[in-house]
A.B. asks: 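Can you read through this structure? Questions will come right after.
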Amino acid sequence: MRVRFAPSPTGALHIGGARTALFNWLLARGNGGKLVLRIEDTDRERSTDENVAQILDALEWLGIDWDEGPISQRSLEQRHREVLAQLEADGLAYRSTATGDDVRAWKEVNGSARGFRGEPEAEGALRLRVPDEGETVVRDAVRGEARFAHRHLDDPVIARADGTPLYNLAVAIDDLDEGITHVVRGEDHLSNTPKQVLVLEALGAEPPIYAHLPLLHGPDGKKLSKRHGAASVQELRDAGYLPEAVLNYIALLGAGYDTDQEIFTVGELQERFDLARVSRSPAVFDERKLRHVNGLYLRNLDLPDLTARLERFTGREGIAQAVAISAEKIQRLDEFEPLAGFLFGDPVEDPKAFAKVFGKAESVEALKACREALVAIEGEFSQDAVESALAPIPERLELGAGKVYQPLRVAISGTTISPGIFESVAVLGRDLTLARVDSTLGSLSADGLPA
RNA sequence: GCCGCUAUCGUCUAGGGGACUAGGACGCCGCCCUCUCACGGCGGAAACCGGGGUUCGAAUCCCCGUAGCGGUACCA
């Protein structure tokens, strides 16, 4: 089994492209096959090196590797020219100067359901001669058979007038030369496939098994794009998603593996992946579910691992303690700093939280009581010590725990959301905690209003 | 227009003639847990596109319609 993944080098790896890559990879890895990476760069306008580098980078991040390539179609130009010459010599292809407009005009006369047939000329682009009778059947592992009657098919252009090959020729030759057995790609290629099969047949070759994946849509049912938020793997990475979570979620999109399990290791995925189980209808990329899956993976990471990833993500060091007390509260890496940044930086500016929590005398009283209790701690300013000191306060003041701890939370963090209060105080340390409490107290009058 | 593909809760899906009172997950709603936020637990609302067949029996098979998507380039 030889599987071909061939992205077009447009830069960022689209999530749909990532899923195609993943399915190719799972297919190859799960069956002891080889994954061949091609670059579809027969477009003459596009510069590719930087774009290819980005795609490779995204694949690496996801942990998707390949056995051969990446090979550029452009590097195969000599071979393409030979095949072109042979097809023309055999009378299976002919030169034509007919343009798109000419084809449309021809259909005006012959009927729009009738495929264009041209007359051989001395120059122009090379068109493949499609038989008038019969049909080309695309054998598709996820859809069954798609049948295309020849009389509906236009004679496809397979090379430009300057002799450079077009996509439909290049891929077909490459699949043949590389002995590709499986081509997994997006559904947008299904209509191209009969052209490629026709090229293969003109060359006397057997077409590979195709599998056309349903496209990915945004929440509005339209093709997934940047305006839906993250649309590329790179954007997902920057948003703080974990590669293994992205991989797992994408594998779920448009395919079913089990009735009561959604979290799979890569090994399980490879073992269970089956083209026949891939869905045939388009799937909507739901970032909320990705987020959920990501949270599962995140909470499953051991502390050193999570810390290392957060250090890389935030560019900070020495955040181990802050990570330890925040780990169970975040679902994405980017949520760490807003939640715990006050532990190694300034408190958050959140006047609304301030106004909400302080506004009454009892809050100030509670904060003062907390201060006294913390000052009284002798020895290590540990979480246990902090908790022992603060725990009796609610009962003593006859206030709910929230009434006591929220003022302290706001004082040290600047906002109403943080890791657990005892942990936070202990990690912040005696000096900083007291300094922030005092600063807060100093800015308030006795009734809790801004002084 | 023409060619092709597709159609189960809002979303991802299970289902491949009787096991369906249509299952799970995300999201949503309610309750519980609780120092905030998350997590977790319990409960709830929520779907077979429409119409014809085939069959003793259809979410499952066939046809038609409708809708969505893709293609219709000397792009990929």
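Being a predicted model, the structure only gives us computed values, none of them experimental. Each chain gets a letter, A, B and so on, in the order its sequence line appears, and its residues count up from 1.
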A.B. asks: Between B/G24 and B/C64, how far apart are the C1' atoms? Round to whole Å, please.
C.D. replies: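 That atom pair is separated by 34 Å.
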A.B. asks: Go through the structure and list residues passing ring-ring contact (aromatic ring centres under 6.0 Å, His included) with A/Tyr94, not counting sequence neighbours.
C.D. replies: none
A.B. asks: Would you call A/Asp334-A/Arg332 a salt bridge at under 4.0 Å N-O?
C.D. replies: yes
A.B. asks: Take atom OH of A/Tyr297 and atom C1' of B/C39, then tell me their distance rounded to the nearest Å.
C.D. replies: 18 Å
A.B. asks: What nucleic acid atoms does A/Arg291 come within less than 4.0 Å of, heavy atoms only: base, sugar-phosphate, or nothing?
C.D. replies: nothing
A.B. asks: Checking A/Glu121 now: which residues fulfil side-chain hydrogen bond (donor to acceptor under 3.5 Å, both in side chains) with it, not counting sequence neighbours?
C.D. replies: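 Partners of A/Glu121 under the side-chain hydrogen bond (donor to acceptor under 3.5 Å, both in side chains) test: A/Thr97.
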A.B. asks: What is the separation between atom CG on A/Leu198 and atom P on B/C3, rounded to the nearest whole Å?
C.D. replies: 18 Å
A.B. asks: Return the nearest nucleotide to the side chain of A/Ile417; candidates are B/U36, B/G40, B/C2.
C.D. replies: B/U36
A.B. asks: Could you check how far CZ of A/Arg185 sits from C1' of B/C5, rounded to whole Å?
C.D. replies: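 Taking atom C1' of B/C5 as the reference, CZ of A/Arg185 is at 14 Å.
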A.B. asks: Which is more 5' along RNA chain B, the nucleotide nearest A/Val142 or the one nearest A/Ala283? Just name the residue.
C.D. replies: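 Residue closer to the 5' terminus by nearest nucleotide: A/Val142.
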A.B. asks: Sugar-phosphate atoms are those with a prime plus P, OP1 and OP2; base atoms are the rest. Using that split, label each nucleotide of nucleotides 58-76 of chain B B, S or - for protein heavy atoms under 4.0 Å, 5' to 3'.
C.D. replies: -----------SBS-SBSB
A.B. asks: Regarding A/Phe148, tell me which of base, sugar-phosphate or nothing describes its non-hydrogen contacts under 4.0 Å with the strands shown.
C.D. replies: sugar-phosphate
A.B. asks: Residues two or more places apart in sequence or in another chain: which of them pass ring-ring contact (aromatic ring centres under 6.0 Å, His included) with A/Phe313?
C.D. replies: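 Result, ring-ring contact (aromatic ring centres under 6.0 Å, His included) vs A/Phe313: none returned.
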A.B. asks: Can you tell me the base-pairing partner of B/C3? Count Watson-Crick or G-U wobble geometry only, both distances below 3.5 Å, and say none if there is no partner.
C.D. replies: B/G70
A.B. asks: For B/C42 and B/G4, measure between their C1' atoms and round to the nearest Å.
C.D. replies: 49 Å
A.B. asks: When you match A/Ala255 and A/Leu296 each to their closest nucleotide on RNA chain B, which lands nearer the 5' end?
C.D. replies: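 The residue closer to the strand's 5' end, by nearest nucleotide, is A/Ala255.
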A.B. asks: Whole Å only: how far is the NZ atom of A/Lys329 from the P atom of B/U36?
C.D. replies: 9 Å
A.B. asks: For a quick check under 3.5 Å, do A/Arg185 and A/Thr193 share a side-chain donor-acceptor pair by atom type?
C.D. replies: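 Distance-only check passes for A/Arg185 and A/Thr193.
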A.B. asks: Starting at CD of A/Glu328 and ending at P of B/U36, how long is that distance when rounded to a whole Å?
C.D. replies: 13 Å
A.B. asks: Mind checking what makes ring-ring contact (aromatic ring centres under 6.0 Å, His included) contact with A/Trp66, not counting sequence neighbours?
C.D. replies: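 Expected list: none.
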A.B. asks: For B/G57, what is the paired nucleotide under Watson-Crick or G-U wobble rules, both distances under 3.5 Å?
C.D. replies: none
A.B. asks: Suppose you measure atom P in B/G40 against the same atom in B/G27; what distance do you get, rounded to whole Å?
C.D. replies: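 B/G40 and B/G27 have their P atoms separated by 9 Å.
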A.B. asks: Run the side-chain donor-acceptor check on residues 320-329 of chain A: report pairs under 3.5 Å with partners two or more places apart or on a different chain.
C.D. replies:
residue: A/Ser326; atom: OG; partner: A/Ala322; partner atom: O; Å: 2.7

A.B. asks: Does this structure show an ion pair linking A/Asp346 with A/Arg436, if we count only N-O contacts that are shorter than 4.0 Å?
C.D. replies: no
A.B. asks: Show me, pair by pair, the donor-acceptor contacts under 3.5 angstrom made by side chains of residues 412-422 of chain A, not counting sequence neighbours?
C.D. replies:
residue: A/Ser413; atom: OG; partner: A/Arg409; partner atom: O; Å: 2.8
residue: A/Ser413; atom: OG; partner: A/Thr415; partner atom: N; Å: 3.1
residue: A/Ser413; atom: OG; partner: A/Thr415; partner atom: O; Å: 2.9
residue: A/Thr415; atom: OG1; partner: A/Asp350; partner atom: OD2; Å: 2.8
residue: A/Ser418; atom: OG; partner: A/Arg409; partner atom: NH1; Å: 2.6

A.B. asks: Treating primed atoms plus P, OP1 and OP2 as sugar-phosphate and everything else as base, which nucleotides of nucleotides 23-34 of chain B get B, S or - for protein heavy atoms under 4.0 Å?
C.D. replies: -BBSS-------
A.B. asks: Can you tell me the Watson-Crick or wobble partner of B/U36, both distances under 3.5 angstrom?
C.D. replies: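 B/U36 is unpaired by these criteria.
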A.B. asks: Considering only atom P, compute the distance from B/A73 to B/C2 and round it to an integer number of Å.
C.D. replies: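 Nearest-Å result for B/A73 against B/C2 at atom P: 16 Å.
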A.B. asks: Need one value for A/Gly420: base, sugar-phosphate or nothing, where a base atom within 4.0 Å counts as base even if backbone is also close, heavy atoms only.
C.D. replies: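 Here A/Gly420 touches the bases of the nucleic acid.
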A.B. asks: Roughly how many Å apart are B/C39 and B/U34, using the C1' atom of each and rounding to a whole number?
C.D. replies: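 Result for the C1' pair: 11 Å, nearest Å.
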A.B. asks: Using a strict 4.0 Å threshold on nitrogen-to-oxygen distance, state whether A/Glu77 and A/Arg44 make a salt bridge.
C.D. replies: yes
A.B. asks: Identify, with sequence neighbours excluded, every residue that meets side-chain hydrogen bond (donor to acceptor under 3.5 Å, both in side chains) alongside A/Glu372.
C.D. replies: none
A.B. asks: Given the C1' atoms of B/A46 and B/G51, what is the spacing between them in whole Å?
C.D. replies: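 So the two C1' atoms sit 25 Å from each other.
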A.B. asks: Who does B/C49 pair with, Watson-Crick or G-U, both distances under 3.5 Å?
C.D. replies: B/G65
A.B. asks: So if I take every side-chain heavy atom of A/Arg280 and compare against B/U36, B/G4, B/A7, which nucleotide ends up nearest?
C.D. replies: B/A7
A.B. asks: Which value, in whole Å, describes the distance between the P atoms of nucleotides B/A76 and B/C61?
C.D. replies: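 Here B/A76 and B/C61 have their P atoms 38 Å from each other.
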A.B. asks: Are the ring centres of A/Phe285 and A/Tyr249 closer than 6.0 Å?
C.D. replies: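 Centroid separation for A/Phe285 and A/Tyr249: below 6.0 Å.
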A.B. asks: Partner of B/G10 by Watson-Crick or G-U wobble geometry, both contacts under 3.5 Å, or none?
C.D. replies: B/C26
A.B. asks: How would you label the contact of A/Thr416 with the nucleic acid (heavy atoms, under 4.0 Å): base, sugar-phosphate, or nothing?
C.D. replies: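 Base contact - A/Thr416 has a heavy atom under 4.0 Å of at least one base atom.
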A.B. asks: Excluding sequence neighbours, so at least two apart, what forms side-chain hydrogen bond (donor to acceptor under 3.5 Å, both in side chains) with A/His189?
C.D. replies: A/Tyr167
A.B. asks: List the atom pairs, with distances to 0.1 Å, where a side-chain N or O of residues 389-399 of chain A and a protein N or O form a donor-acceptor pair under 3.5 Å, not counting sequence neighbours.
C.D. replies:
none

A.B. asks: Please determine whether a side-chain nitrogen of the Lys or Arg among A/Asp154 and A/Arg127 lies less than 4.0 Å from a carboxylate oxygen of the Asp or Glu.
C.D. replies: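 Looking at A/Asp154 and A/Arg127, the cut-off is not met.
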A.B. asks: Base, sugar-phosphate alone, or nothing: which one does A/Ala149 contact when heavy atoms must sit under 4.0 Å apart?
C.D. replies: nothing
A.B. asks: Suppose you measure atom C1' in B/C20 against the same atom in B/G57; what distance do you get, rounded to whole Å?
C.D. replies: 13 Å
A.B. asks: B/G16 pairs with which nucleotide, Watson-Crick or G-U wobble, both distances below 3.5 Å?
C.D. replies: none
A.B. asks: Would you mind reading off the distance between A/His150 atom NE2 and B/C2 atom P, rounded to a whole angstrom?
C.D. replies: 21 Å
A.B. asks: Closest to the A/Ile421 side chain: B/C35, B/U36, B/C3?
C.D. replies: B/C35
A.B. asks: Round to the nearest Å and state the distance from A/Leu367 atom CG to B/U36 atom C1'.
C.D. replies: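 Distance, rounded to whole Å: 15 Å.
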A.B. asks: Which residues, if any, of residues 397-414 of chain A bring a heavy atom under 4.0 Å of RNA chain B?
C.D. replies: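 Heavy-atom contacts with RNA chain B come from A/Ala401, A/Gly402, A/Tyr405, A/Gln406, A/Arg409.
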A.B. asks: Round to the nearest Å and state the distance from A/Glu335 atom CD to B/U36 atom P.
C.D. replies: 19 Å
